[in-house]
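Below: one structure, written as structure tokens.
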Amino acid sequence: MEGQMTIWDFIQADDDQTDIETMTDEYLVQKMQEATGLKFTYNKFFSDSLHRNYYEAKSKKKRYELYFDRYTMEDNKSRFISVGYDEGLGGAGCPCDSLESAIKVMKAWMSR
């Protein structure tokens, strides 16, 4: 609902890292770990091949991924959090415009 406030409107990060454009990898990984209980580790292979810092976590038969990227649309070059998962022959991924939405999506995938 447009204009509706969430708890994130009231919570201020200690170091004001809630802006996705200035959020650090360390902060993102820490908050995702706290919210999901997953342990994300840096993946050098994918980080080098994709030219971005790529993190992954494994839980049961799923592998979760997490990194920052930018939209490549003509009118939108803003930063987003890329989240994804795979489990053998299937998986999904999506861009998230906030930490809150990245956590929500990741938790939804974990509950499946």
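Since the model is a prediction, treat every value here as computed from it, not as a measurement.
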- Message: Do N53 and F68 have side chains that approach each other closer than 4.5 Å (heavy atoms only, starting at C-beta)?
- Response: no
For C94 and V105 the tightest heavy-atom approach is SG-CG1, 3.8 Å
Rounded to the nearest 0.5 Å, the OH atom of Y64 sits from the NZ atom of K58 at a distance of 13.0 Å
Assess whether side-chain contact (heavy atoms from CB on, under 4.5 Å) is satisfied between E21 and R70, documenting all intermediate values. CA-CA 10 Å; E21 287 293 333; R70 290 201 176 272; 2.9 Å; yes
Problem - Y55 reachable from F80 in the ILVMFWY side-chain graph, under 4.5 Å edges - result: no
Check: Within 45 degrees of the axis of the six-membered ring of Y85 and under 6.0 Å from its centre: does K62 put its NZ or CZ there?
Finding: yes
Interatomic distance, OH@Y71 vs OG@S78, rounded to 0.5 Å, equals 6.0 Å
CD1 of I20 to SG of C96, rounded to nearest 0.5 Å, is 8.0 Å
Taking 4.0 angstrom as the limit, do D69 and R79 come out as a salt bridge? no
- Query: Does K44 NZ have over 12 foreign heavy atoms under 6.0 Å away?
  - Reply: no
Between M23 and Y27 the two heavy atoms that sit nearest each other are CG-CD2, 3.7 Å
In short, side-chain hydrogen bond (donor to acceptor under 3.5 Å, both in side chains) pairs touching residues 103-112 with sequence neighbours left out are none
In this structure, CG of L66 is separated from CD of Q33 (nearest 0.5 Å) by 9.0 Å
>> Check this for me: does any side-chain nitrogen of one of R63 and E56 sit under 4.0 Å from a carboxylate oxygen of the other?
In response: yes
Under a 3.5 Å threshold, yes or no: a donor from one side chain and an acceptor from the other, between Y54 and E65?
yes
To the nearest 0.5 Å, atom CZ of F40 lies from atom CG of L28 at 8.0 Å
Minimal heavy-atom distance between T36 and M106, with the atoms involved, is CG2-CG, 3.9 Å
- Message: Is it the case that the side chains of E26 and Q30 hold a donor-acceptor pair, with the cut-off being a distance below 3.5 Å and no angle test?
- Response: no
Correct closest heavy-atom pair for A102 and M32 would be O-CE, 3.8 Å
* Are the side chains of V83 and I81 in touch, meaning some heavy atoms are under 4.5 Å apart? -> yes
Rounded to the nearest 0.5 Å, the OG atom of S82 sits from the CZ atom of R52 at a distance of 7.5 Å
*asked:* Any heavy-atom pair between the side chains of K60 and M110 that's under 4.5 Å?
replied: no
